[in-house]
Every structure is written in C-alpha cells, then in structure tokens.
Amino acid sequence: MPVWVEKAMNKEEMKRYESFKQKFFHWFLAFQDDGPFSAAAGELLALLKEELALEQAVFYLYDPVRAAFYPEAAAVGTPDARPIAADGERKVAVVDAGGPHMAARLFFMLSDEAPAMVELMYRKDGGFDERLLWEIRADLARLFRKLSAVLQGAGEEKRYGQLHRFAAKIHSSMRIDDVLEEIIRTLQNVYPSFTYHLLLSHDNHLRGNLPIKTLVLDESEKQTAALRAFLTGQVQCEEMEAPPRSMLYAPIKGVQAVYGVIEIIAPYAAPFPKREIHFISLLASTAGSALENAKLYEQSRRLVADLQLINDTMRQLNARPRLHEAIEYMVSQIQQSFGADEVGFFLFADGKRELLPGSTPFFFDHRSEPYIEWVEKRRQSGNDILFAGDVCVSAFGPFRSIMAAPMQQNKETKGLCIALASEPYRFTFEMFKLLESLVQHSTLAFMNAMLREELEKLVITDYLTKLHTRRYLDEVIQTSMESDASGALILFDIDNFKQINDVYGHQTGDGVLVQVAETVRANIRDGDVAARWGGEELAVYLPKVPLSEAISIARRITEKVREQTIPTVTVSCGVSWWERHGCEDAKQLFKRADAALYMAKETGKNCIFVHDDCHLYKV
C-alpha cells in the first residue's frame, strides 16, 4: 500500500461500506451456488452499487489474445461491451469517465491464470477516499475469488456428476449410434454455448442429425490440429483470429486405437482453462472406451453373422449337386447379402476364361467387358485388392462399385467372382473381405460339382468317339418309349472296317471311327442321342420323329460319311421305328434295326434298309 497523506477517511463512506459488508453476509447465506458465475457476480455488484450509491459497477475479465479487459457482469442490465486496455502494473486507477462521472478501476487476480478488474462508476461530487478504494479492492479480490471457487466447486461437482451419468449410460449401451448421441448431448449440457463436431476416422456414415464430419487424413491447414490429436492421442488447442474463437480437439481414444476426435469451438478467443481441458479429456477417454466396446460388440455380431452366412451357404451348395444350380444360388446370395446388382462367375481353364451358367445376364453381354478387363489388369499386376468404391471410368457403364474375389484351390486360381453395384461406395471393405471368404469356401463345392458332372459324363461317354455309351442309349430309349408318341433308331456299320485296319493300321482305323462319329454328331439335332453301339457300329436315336424324317437323316449321314472321311469309307444303315399304339418294347426295336442293318451289309453295303412293324425293305 502506498504512503498515504495523513487524512482521515470519510466517515460517511466508511459507514456505507460497512453496511455493504453486513448485507453481503446475509446475501451470501441465501446465495444459490447452482447458477453461472456472471449471474452471481452481477448480484454482488448490484449490492455494492446500492450501498455505495454508485452509478454503475462492472466486472471485467482479461483476454490475453486481445490484451484487454472485457466486461463479464454488471450491477444493472448487460455490461458495456467496450473493452479496457490493461493499465500496466497498477492495482488501483482513478480516471475521468467524462461529464460528471469518475471511474475507479480496481485490478486483481481472480485466479493464478485469470486477471480481473472491477470498475466503480460514481459522480465527481461524491468521490472515494483512496485508502478506501484500496480496502475495497482487497475485499473484492477475496470475495470474487471465493465466489469463483464456490461456483467452480459446485460446477465441477455438477459436471462430474454428469460425467458419471454419461459413463454409466454409454457403457450400458452396445450401439455405436447411442454412444455418439450421448457424447454430443453431455457436451451440450455442460457447455451450452459451445459448438461441437465429431470427426470420425473411417466407415462412419452420417448418423441421423448428429454433427459428424469425416476426419481428413491430410496436412491441410484447417485439419492440422485435429489430425495431430488423432495421430498423437493428445488434446490439441488452437486460436482463430477471424472470427476470434478458441478450438479444442480431444481424441476419442480406446485401448486399441483412436477412433476419432471431438472438436469443441468456444465463441471467444481465450485459452481453455486447465480444468476444462482435464474434464474434456476424461469425457473423450470415457467415450473412446465405450465406443471401442460398441465397435467390438458390433464386430463380434458381424463375425457371427458372417460365419452363419458362410455355414448356411455351404449347406445349401452341398444340397445342389449341379454346377449351374450352385452358381445360381451363390449369385442370389451375393445379391441379397451385399446389395449387388450384377454377379458373374468365371472359370479359368486351358488359358481361357469361361463364364459359368447361372451368372446374371449382364455378364453375357459385351458391356461387361470393361469391368472384367479392369479386374484382370489389377489381378495380373499383382494387386490383391480387387475392390473400388467409385470406378472413375465413365466409358464403363452404369456401375460405380466393384469388387472381385478369386476362386482358389490348393493355392491355384481356378476362377473369379465379380460383383457390381450402380451406387458408388455401395460395398465396404468388410464386405469385400467377406466376399473373399465366401467365394474361397464355396470354391470346393464348385470344383466338386464340376468333378461330379465330369465323372457322370465319363460314365456315359465312349472314350474314343466321345459319343454316348450303349447303356446310356438304352436308358434314353426306354424313357422315350414311356413318355413320347414315336421315335426311330438308326444303326450304322462302317463297311470293310477290318480292311482299313489291315491296310492302314489300327491307329488309322481309330481315326476313321472318330471321323464317322463326328459326322454323325454334326448331322443330328440337339435332342437326338448318338452312341457307340459296339466295335465299328454306331447308333442314333431320334425321339418324336416320323419314319420319313428318320430315313432322310440316315441318308444325309451316309452321304456325308462318304464325302468327308479320309481315307474314304462308307456305312451301311438299318432303321427301325415305333409309335405309341404299338405293343413292342425297346428290345424289339433294337432287334428290327439290327435285322435291317444285317440286310444292308448282305446286299452290297453302302445302303439303307428299313424294318417297320411288318416289312423289311431297302430305301
């Protein structure tokens, strides 16, 4: 305190000030500690104004960014927004406020990091003794510090109570949406004047009306502090000048990773107090732990669902022994599970790519070629990630999302599955990994179906001529005679076949037999059945044909064999025919065709004989 000029303090001033102290005691006993500091400070200033007969009393806080004091509370109405520059090291300053007013400015520290000031406005004809101003300054400093401590303690208790409720609520929920919503709700309750955003790292689509932004992983100016908080796991603060505001970035950190950042924007440019940073850090850590638990729970549920999908798919595939049925089921399953618009399965064999039946029609069209080429280029370049959220090739067509999974067996790529969707980013990376697993498990079922069909084909196919076996022909004729109205059987025998073997050798003889078989196969319908009857004899069964058409087919085959074989050979033919009103069976049909063939061989060969129900004659 400075050396004072010996001067007695004004007794009237002292009396009014003592009255203020007495009334302050009663005010403090009735004081409610659940309101904001500015409201409590305003009540205290109003009491001071009334007892000291002041024109106005205003409380200021120091803003270090703008190096000035800004009004926080006033005795009457809202405080004047006019800032006041710091007055060096002075503790008490009396200035002319203009007109009939003077202003006493009392400077003190509200806390270790918060300079404050109270400005007392009074008339010039009612000034204060300077010793009294120093006493008022000392008392107000203690009062405001105690008031701040009481409110801060009550506020801390309230906030940490909310933090406790926040932790209990979010840890009782296993839904990510609930956790994110509760983070925002708690922040709005604790700091209602602040603005908030959740900057989330990946695979977090906008959920409802939550203020969620995608965390941009680059070094752009606006994201530097947020990115630093995400990468380091430490709270980051920054100050903005235009408009003036403070921003805090708190990492949402779990045990395994950092899942995002809470962005908190204060409507003023002043550093966040340490206690606020500590509280926000606790809230963000609590949220990170709960978010991690929710994510792990969702992942576990997704894994269970994925395993169930794979298990169900394998069971259904094993119940479908035919390859085209298995492919059709897989296509339907992929469309349903992943939202794919088109699905194609390809088989690699002998250096060629074969589109498997059961794929969607789009892949049978030339418009699918650019998508297939895109996948093939990535696969051949060694890129294992055959996945794109937005294919940036306008010439491709309507599909923007693409993913492909190889069909592998014993580390060998047997084929490929390609899925397309018109909506960009329709497939997530988790979907891509699931498709890979699903296709990998189904490949064995596909290969088994192909092997089964190949074995079935070998059982009913003659090894040399690739025509059907006689056993299969017998089954087809028996089935036809039970369901069709008519049919014809043609037997062919290669003339002088033993002579071919004797002159040219058995290898040439086998070649001739293959040539004749190919000629027969090329001159019958898809529904007709050609078989090796035995030795150099071949047979053709023609369901649902009249006898005249059967004779025409026999004549055509006979002529083609003579024209196309090298060395040139001829064949003899025997034709038999049946219709429903007859009473014969397959054995009788064979017997009549064989008798007709015998007559053709005995009457000069290279001719056709027919044996109908009653007659045997040459065509």
Side-chain angles (χ1 to χ4, degrees), residues 321-322 324-325 452-494 513 516-561 571-603 607-619:
R322 316 308 299 180
H324 75 277
E325 293 178 351
R452 188 183 300 110
E453 292 182 1
E454 186 66 26
L455 289 174
E456 291 176 355
K457 186 177 179 180
L458 289 175
V459 169
I460 64 173
T461 303
D462 176 65
Y463 174 77
L464 178 62
T465 63
K466 306 306 179 187
L467 299 179
H468 291 295
T469 61
R470 179 170 178 176
R471 178 179 178 181
Y472 179 75
L473 180 68
D474 291 346
E475 294 175 354
V476 170
I477 293 176
Q478 186 62 46
T479 302
S480 175
M481 296 186 79
E482 293 174 357
S483 58
D484 297 333
S486 62
L489 175 65
I490 307 175
L491 294 183
F492 298 93
D493 185 277
I494 301 176
L513 188 59
V516 174
E518 291 177 351
T519 301
V520 170
R521 186 165 39 237
N523 287 277
I524 60 177
R525 304 169 303 176
D526 290 339
D528 300 334
V529 178
R532 187 175 182 184
W533 187 259
E536 67 273 18
E537 293 183 355
L538 307 179
V540 173
Y541 179 69
L542 309 169
K544 304 177 185 178
V545 297
L547 178 59
S548 58
E549 184 175 344
I551 294 173
S552 297
I553 293 174
R555 182 181 290 114
R556 182 171 65 248
I557 292 175
T558 301
E559 293 173 354
K560 294 293 184 182
V561 167
V571 292
S572 299
C573 296
V575 181
S576 62
W577 180 77
W578 69 273
E579 56 183 348
R580 182 175 295 278
H581 58 75
C583 57
E584 64 181 356
D585 55 16
K587 185 176 180 180
Q588 291 174 318
L589 184 69
F590 293 148
K591 185 176 181 180
R592 288 194 288 108
D594 190 53
L597 177 61
Y598 177 78
M599 289 300 298
K601 300 289 287 185
E602 288 297 314
T603 55
C607 62
I608 303 171
F609 267 75
V610 176
H611 195 326
D612 57 18
D613 289 340
C614 304
H615 304 92
L616 175 63
Y617 56 91
K618 183 177 181 181
V619 175

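No experiment lies behind these values; they were computed from the predicted model shown.
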*Begin from the C-alpha positions of R555 and V619 and carry the test side-chain contact (heavy atoms from CB on, under 4.5 Å) through to its verdict.*
CA-CA 9 Å; R555 182 181 290 114; V619 175; 2.9 Å; yes
*asked:* Run the side-chain contact (heavy atoms from CB on, under 4.5 Å) test on F590 and D474 for me, step by step, so that the C-alpha distance in whole Å, both residues' side-chain angles and the decisive distance to 0.1 Å come before the verdict.
replied: CA-CA 10 Å; F590 293 148; D474 291 346; 3.1 Å; yes
Looking only at non-hydrogen atoms, find the nearest pair between [X] and [Y] and report the distance.
X: T465; Y: A517; answer: CB-CB, 3.7 Å
X: A596; Y: L616; answer: CA-CD1, 3.7 Å
X: R525; Y: P543; answer: NH2-O, 2.9 Å
X: A554; Y: I608; answer: C-CD1, 3.7 Å
X: A488; Y: Y541; answer: O-CD1, 3.2 Å

What's the separation between atom [atom1] in [X] and atom [atom2] in [Y], rounded to the nearest 0.5 Å?
X: S548; Y: I553; atom1: OG; atom2: CD1; value: 9.5 Å
X: C573; Y: K601; atom1: SG; atom2: NZ; value: 10.0 Å
X: L589; Y: D594; atom1: CG; atom2: CG; value: 11.0 Å
X: R521; Y: L467; atom1: CZ; atom2: CG; value: 5.0 Å
X: I490; Y: L597; atom1: CD1; atom2: CG; value: 11.5 Å
X: K591; Y: S576; atom1: NZ; atom2: OG; value: 12.5 Å

[X] side chain vs [Y] backbone, donor-acceptor pair below 3.5 Å:
X: N523; Y: T519; result: yes
X: W577; Y: S486; result: no
X: R532; Y: G535; result: yes
X: S480; Y: V476; result: no
X: Q588; Y: D585; result: yes
X: R470; Y: A531; result: no

_Looking at K587, I want to see if its NZ is surrounded by more than 12 non-hydrogen atoms of other residues, nucleotides or ligands under 6.0 Å._
no
*asked:* I'd like to check Y472 versus V529 (side-chain heavy atoms, cut-off strictly below 4.5 Å). Are they in contact?
replied: yes
*Should Y617 and D612 count as side-chain neighbours, where that means a heavy-atom distance under 4.5 Å?*
yes
*Kindly determine whether F492 and V561 satisfy side-chain contact (heavy atoms from CB on, under 4.5 Å), including the steps that lead there.*
CA-CA 11 Å; F492 298 93; V561 167; over 6 Å; no
